[in-house]
**Q** 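I have a structure I would like to understand better, so I am pasting it below and will then ask my questions one at a time.
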Amino acid sequence: MNLLSLTAVELGKKIKAHEVSVEEATRAALDAIAAKEDAVHSFVTVDEEGAMKRAAEVQKLIDDGTLTGPLAGVPVAIKDNMCTKGMLTTCSSKILYNFIPTYTAEAVLNLEKAGAVILGKTNMDEFAMGSTTETSAFGETKNPWNTEHVPGGSSGGSCAAVAAEECFYALGSDTGGSIRQPSAFCGVTGIKPTYGTVSRYGLIAYGSSLDQIGPVAKDVTDCATILETITSYDKKDSTSIQREETDFTSALVDDVKGMKIGIPRDYFGEGLDAEVKDAILAAAKKLEEKGAIVEEFDLSLVEYAIPAYYVIADAEASSNLARFDGVKYGYRTKDYEGLHNMYKKSRSEGFGAEVKRRIMLGSFVLSSGYYDAYYLKALRTKALIKQAFDKAFAKYDVILGPAAPTTAPKLGESLSDPLKMYLGDIYTVSVNLAGLPGISLPCGIDSKGLPIGMQLIGDCFKEKNIIRAAYAFEQTRPYQHSPLAAE
């Protein structure tokens, strides 16, 4: 039996039944990483010694009945922008090449309390800025379905690791689609929860009003289980929300009778690949056959989402990244004259081109004379986008659409045209601007053999609706393993 082909929940059951030990599962994952990393490059750091030590500790806690949860003993990979005490955390940037945090992010801590074994940290676009995982200072990650293509981004390392079956599940972060888009490109499932559901404490910030941590796994059951585990109110995070109902697994029912699903006409205009469009509409038909009421409607304001998102995200990034100055931690230039020269040279040498571009854009839109013209206008647009969704959710339980306009592009194609890369986020950024939950799950394969992802969007705090609809659709097709997973 290939252990890595199991879902996280299936493995958890086998561990609990003593059919598989935690050490066996961890060793199997570490062996898979060793065998496949040259082809995929999903990881920045692999903590073999720490993982095996932790596996032995967790096994004892399972044996004595202390740990009884569904994820106890299941190995996990963590995106490299979440702090992990004593383990290198780089944000895939040269400027944090030697940063070892003294504390652990709250979401990761919640997994550890549930008995997770951390295998290591996954590759990502530098500071989560990018849609392809090509802006990483440590080299690009490749798509397990075809290594000539990108895995998506910025959580490309996490999604590729799950798709290549180097780990059982992973954590990613989503600022403008960074969990949902790479999940679609890699043929796995990923959830971006409602803003404030999962603590951002210990997540190295990109856009503070948009960032949210979420799970990446093989199926909806895993994602709901992981989300239930990492959700918690955290007084250390001022945006954290105390939620009453967080039993997301109770929504895992194959029943969408009477559920109202809206399909925005605006999502099916020019720029959408014909094969992606056909797969999404076929998926909608499947849900309709199961009893859902599917209708088309006009969402409006879709074309304003990208400019509003990039103005707000870059403005927040320019202030969030001001702390990386070569003084307290991270990279410091070797030769400099005076303090200002040290700042300038450390940041110039430490940050990559895409990060510099976004810092400059952000500083520009916040500068005197341009603040009203760009930043305030973007904030007003954000409020209008939220109103458009509120209007839609007064009528529909779930909004269905594509996760990305195309399947995964070839390596190098997007970086040569940053504007094209930004436009690839057209279907995902609105969800972050409005603070809504969204899930991406596989719904087909195109003629090039690359996965197609469908996105389901819910109203604030209505994760259960999207989980229910996603689970019902998932029952109509088997999980397809990537070619690299089979090796």
Side-chain angles (χ1 to χ4, degrees), residues 1 3-33 43 45-79 82-89 100-122 158 161-162 165-171 198-199 201-202 213-219 221-234 236 246-250:
M1 174 184 68
L3 277 185
L4 270 299
S5 64
L6 297 171
T7 67
V9 170
E10 285 167 352
L11 176 67
K13 284 177 182 161
K14 286 190 179 295
I15 288 171
K16 208 181 282 180
H18 299 287
E19 290 172 37
V20 177
S21 74
V22 182
E23 282 108 322
E24 274 176 80
T26 306
R27 176 43 59 203
L30 290 167
D31 289 347
I33 293 167
F43 285 83
T45 304
V46 179
D47 182 18
E48 186 164 346
E49 194 183 323
M52 290 311 294
K53 188 177 166 214
R54 168 80 176 150
E57 290 165 8
V58 170
Q59 187 65 61
K60 280 185 192 140
L61 294 170
I62 291 169
D63 292 345
D64 69 16
T66 308
L67 288 173
T68 56
L71 297 174
V74 181
V76 60
I78 308 291
K79 186 175 177 179
M82 293 171 217
C83 289
T84 39
K85 187 178 179 179
M87 195 191 296
L88 193 64
T89 301
I100 295 177
T102 54
Y103 67 100
T104 296
E106 191 70 12
V108 179
L109 220 46
N110 286 343
L111 282 183
E112 287 185 329
K113 283 177 198 159
V117 176
I118 296 172
L119 297 165
K121 309 298 280 292
T122 58
S158 289
V162 173
E165 297 185 356
E166 297 178 300
C167 63
F168 295 90
Y169 69 102
L171 285 192
V198 179
S199 170
Y201 178 75
I213 294 170
V216 176
K218 287 192 188 80
D219 66 4
T221 303
D222 275 7
C223 279
T225 308
I226 300 154
L227 186 57
E228 206 169 280
T229 308
I230 61 175
T231 297
S232 66
Y233 170 69
D234 181 10
K236 299 187 293 299
T246 56
D247 57 330
F248 303 118
T249 47
S250 65

**Q** How far does CG of Asp64 sit from CD of Gln59, to the nearest 0.5 angstrom?
**A** 10.5 Å
**Q** Could you list the residues that satisfy salt bridge (charged side-chain N to carboxylate O under 4.0 Å, His left out) with Lys121, not counting sequence neighbours?
**A**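 Lys121: salt bridge (charged side-chain N to carboxylate O under 4.0 Å, His left out) contacts with Asp80.
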**Q** What is the minimum heavy-atom distance between Thr231 and Phe248, and which atoms define it?
**A**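 Here Thr231 and Phe248 meet closest at OG1-CE1, 3.5 Å.
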**Q** Who pairs with Ser232 by side-chain contact (heavy atoms from CB on, under 4.5 Å), at least two apart in sequence or on another chain?
**A** Glu106, Asn110
**Q** Search all heavy atoms of Ser5 against all heavy atoms of Lys218 and return the closest pair with its distance.
**A** O-CE, 3.9 Å
**Q** Contact between Ile118 and Asp47 at the side-chain level, heavy atoms closer than 4.5 Å - yes or no?
**A**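 They are not in contact (no side-chain heavy atoms under 4.5 Å apart), so the answer is no.
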**Q** So if I apply the side chain to side chain contact (heavy atoms under 4.5 Å, CB included) rule between Pro70 and each of Thr225, Leu11, Asp222, which one comes out positive?
**A** Thr225
**Q** Nearest 0.5 Å, please: how far is CD1 in Ile230 from CD1 in Ile213?
**A** 7.0 Å
**Q** According to side-chain contact (heavy atoms from CB on, under 4.5 Å), who are the partners of Ser250, at least two apart in sequence or on a separate chain?
**A** Asp247, Lys464
**Q** What residues, two or more places apart in sequence or in another chain, satisfy ring-ring contact (aromatic ring centres under 6.0 Å, His included) together with Tyr103?
**A**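 Listed in chain order: Tyr201.
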**Q** Which pair of non-hydrogen atoms, one from Ala29 and one from Phe168, has the smallest distance, and what is that distance?
**A** CB-CE1, 4.4 Å
**Q** Looking at Leu30 and Ala51, what are the two nearest heavy atoms and their distance?
**A** CD1-CB, 4.4 Å
**Q** So, using side chain to side chain donor-acceptor pair (under 3.5 Å) as the criterion, who are the partners of Ser21 when residues are at least two apart?
**A** Glu24
**Q** Is the number of heavy atoms from other residues, nucleotides or ligands under 6.0 Å of Lys85 NZ greater than 12?
**A** no
**Q** Of all heavy-atom pairs between Ala114 and Leu67, which one has the smallest distance, and what is that distance?
**A** C-CD2, 3.9 Å
**Q** With distance as the sole test, does Thr229 use its side chain to make a donor-acceptor pair with the main-chain N or O of Leu111 at under 3.5 Å?
**A**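 Here the side-chain-to-backbone pair does not exist.
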**Q** Drop me the distance from Thr66's OG1 to Lys60's NZ, to the nearest 0.5 angstrom.
**A** 12.0 Å
**Q** Looking at residues at least two apart in the chain, or sitting in another chain, which of them share a side chain to side chain donor-acceptor pair (under 3.5 Å) with Glu23?
**A** none
**Q** Could you tell me whether the side chain of Arg54 and the main chain of Ala116 form a donor-acceptor pair under 3.5 Å?
**A**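 Yes, because the side chain of Arg54 sits within donor-acceptor range (under 3.5 Å) of the backbone of Ala116.
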**Q** Tell me which one of Leu171, Thr122, Val76 satisfies side chain to side chain contact (heavy atoms under 4.5 Å, CB included) with Ser158.
**A** Thr122
